[in-house]
Amino acid sequence: MQSPWKILTVAPLFLLLSLQSSASPANDDQSRPSLSNAHTCVGCVLVVSVIEQLAQVHNSTVQASMERLCSYLPEKLFLKTTCYLVIDKFGSDIIKLLSADMNADVVCHTLEFCKQNTGQPLCHLYPLPKETWKFTLQKARQIVKKSPILKYSRSGSDICSLPVLAKICQKIKLAIEQSVPFKDVDSDKYSVFPTLRGYHWRGRDCNDSDESVYPGRRPNNWDVHQDSNCNGIWGVDPKDGVPYEKKFCEGSQPRGIILLGDSAGAHFHISPEWITASQMSLNSFINLPTALTNELDWPQLSGATGFLDSTVGIKEKSIYLRLWKRNHCNHRDYQNISRNGASSRNLKKFIESLSRNKMLDYPAIVIYAMIGNDVCSGKSDPVPAMTTPEKLYSNVMQTLKHLNSHLPNGSHVILYGLPDGTFLWDNLHNRYHPLGQLNKDVTYAQLYSFLNCLQVSPCHGWMSSNKTLRTLTSERAEQLSNTLKKIAASEKFTNFNLFYMDFAFHEIIQEWQKRGGQPWQLIEPVDGFHPNERNSILLKGILMTSQTLDNQEWTQLTSWIKGNLTCDSRTREWLCCCWRIISGKRCSSSGPKSWERRIRSTPRLNRCLETKAGTEPLRSTHPWGAQGGRGLGKLIPQTLWGLPRHRPKGLFFSSIFAKCLSLNEEHIWTTVQCCVLLGSVTLPLFLK
């Protein structure tokens, strides 16, 4: 198969057209007027605004600012070339209009990228001109009256209509609609390609020519001959003939993480640098091709399945990284089955993309997080379009039955409630949007009004100046959350335990404020709607530490994900204290300071601390005098010192973990020995 990058380099315009509705909720109602034209209007206003502001920031001509903008764009997907083609076609008219002090709204209406249909309100982002709109528009049209551009028909501009690209367009659109990888040779729903629903969305395939090899499956014959589950562990230890997969993963209870979500779960994000003239540089658009081929989503950074480090300096990790840190046997076992515009209504259209075999695969932790689109739409009257509690019950039960027929026994499903979105208007409406920060002329209230007028708002109900509408939207969200809570409390399934979790937005705000942040910093700055990376990761952290559920199974699940000990006795507190020190932390919060002093005064434990529990090179292959040594050295099995000298981060929890928890407080030094073992037993370096 030809490389998708090579294919897409000839079709950048198609890609933009195919993704033009990615930021808006999917809608089954085909009666909504001219969504394509509405998105074209938004795009035109944004681009013309950036051109005008670039000229202002750099004190240059409009022509120079257009060329500057194109020079910033990357060559991939022919984005730079396309930009120059657009300048060649529309540049002269844009120059004339901006030179006549027409704003972006007037320019785009004059060039007919924005249209005011008969009987429809005038949609504008910027304040209206001092002269009447009709007079201003007539004046602008006179300026470009003889321009050949106005004869250009955009109705035939869909590049997918070209015969040579028709099949490619159809396949990529199908991949996006069904949430399956565009490039998947063996059709196992896993890919070696990062974007277009590839391994940014689900674990990377390690053999794309064998459908029986994929992340999350139970090892085939303990992976003696090949890595059947793509976690990097396979082969046989020549010293004892035991397969590495059996030696390191047997009994460690591997689990995958699966997210069924909407654009928030997919981590929808438009970089402010793309539209903020004062911040633009050659590096601003480096990630634009990746973002476009990921539907403007960043699942690789999401709070559930993200596998890359946070870009906003937050130390909390995604749930997948927590699972991976707890047990490297979980390597690559993640699936982000999220879609922009997803809701309980349309999940059935792409839930088939979930890959889990109840007989062949490991159990999974599934998070159902449709947190907005059951109450959100861009319609002028969004209330009738909201999902009713009765319909939500039916939709969710259908989803749960599907999961029960596909998930292996021992799985878990967590239902997320919906947030109270009144936070958006209350905290953002009078703040300046990135487009308005330079000249103090565009607030979020104006952005919301513009999007609502065009009926392309992500959530008219909450992004509205109408307080009654905002209240009604929040009331329906609460009703739907209560429905999910009732389902979790009353319904039982054979293959998974079912939990409910509130969308702890107030707790997120409190946690962020403790760190010195402001509430509005938790929202995506460009669209003014989606939770940003800080919000997403903090939410997952709160989920893992939640005390709102008095449920033993929930406590066991969250403790299991974190890989932490439950300190509910003096012996366990001692073990936690030792564990914290080996992990490079203090134990004062979980035990008396005297314990910390005693542990730190133990020479051999100090040696353990120097190596950070085996994550750094050891001074010898037999640390702490283990070979024929005294004290603890005699008690530690010699086989442990045969592990590699350079040990990776992350701990392998085995039967030793259970034994440590069962120790009596009389065996205090054996507990310390156990602690040392826990800090020493790590996975070898072949995980990557």
>> Can a side-chain donor-acceptor contact be found between Asp205 and Ser191 if the only test is distance below 3.5 angstrom?
In response: no
>> Checking Glu491 against Tyr393: is there a side-chain donor and acceptor pair closer than 3.5 Å?
In response: yes
> How close do Ala342 and Asp262 get, heavy atom to heavy atom, and via which atoms?
Replying inline: O-CB, 3.5 Å
> Do Arg197's NZ or CZ and the ring of Trp201 fall within the cation-pi criteria of under 6.0 Å and 45°?
Replying inline: yes
>> If we ignore hydrogens and angles and just use 3.5 Å, is the side chain of Trp298 paired with the main-chain N or O of His269 as donor and acceptor?
In response: yes
>> salt bridge (charged side-chain N to carboxylate O under 4.0 Å, His left out), that's the test. Do Asp240 and Lys247 meet it? Break it down for me.
In response: CA-CA 10 Å; Asp240 52 21; Lys247 176 176 290 189; 2.8 Å; yes
> Could you give the distance from OG1 (Thr290) to NE2 (His200), rounded to the nearest 0.5 Å?
Replying inline: 6.5 Å
>> Given Ile258, which partner from the list Ile367, Val413, Ile337, Leu403 fulfils the side chain to side chain contact (heavy atoms under 4.5 Å, CB included) test?
In response: Ile337
> Tell me the ring pair (Phe, Tyr, Trp, His ring centres under 6.0 Å) pairs involving residues 333-370, sequence neighbours left out?
Replying inline: Phe307-Tyr334, Tyr320-Tyr334
> Just by modelled atom types, is the Asn340 backbone N or O under 3.5 Å from a matching donor or acceptor in the Ser263 side chain?
Replying inline: no
>> Test your reading of the model: is there a side-chain donor-acceptor pair from Asp502 to the backbone of Gly417, 3.5 Å cut-off?
In response: no
>> If you apply the rule side-chain hydrogen bond (donor to acceptor under 3.5 Å, both in side chains), what do you find for Ser353 with Ser179, and how did you get there?
In response: CA-CA 6 Å; Ser353 65; Ser179 300; 4.7 Å; no
>> Between Arg515 and Glu511 (salt bridge meaning N to carboxylate O under 4.0 Å), is one present in this structure?
In response: yes
>> Can you tell me how the ring of Tyr416 sits relative to the ring of Phe503, calling it parallel under 30°, perpendicular over 60° and tilted otherwise?
In response: perpendicular
>> Salt bridge or not between Lys317 and Asp309? Use side-chain N to carboxylate O under 4.0 Å.
In response: yes
>> Looking at Arg345 and Asp374, is there a salt bridge between them, counting it only when a charged N and a carboxylate O are closer than 4.0 Å?
In response: yes
> Does Arg356 come within less than 4.0 Å of Asp333, counting only side-chain N to carboxylate O?
Replying inline: yes
> Would you find a donor on one side and an acceptor on the other, under 3.5 Å apart, between the side chain of Ser318 and the backbone of Gly306?
Replying inline: yes
> Are any side-chain N or O atoms of Asp227 and backbone N or O atoms of Gly232, one a donor and one an acceptor, separated by less than 3.5 Å?
Replying inline: yes
> Residues in side chain to side chain donor-acceptor pair (under 3.5 Å) with Asn287, at least two apart?
Replying inline: none
>> If we check side-chain hydrogen bond (donor to acceptor under 3.5 Å, both in side chains) with Tyr214, which of these qualifies: Asn357, Asn207, Asp361?
In response: Asp361
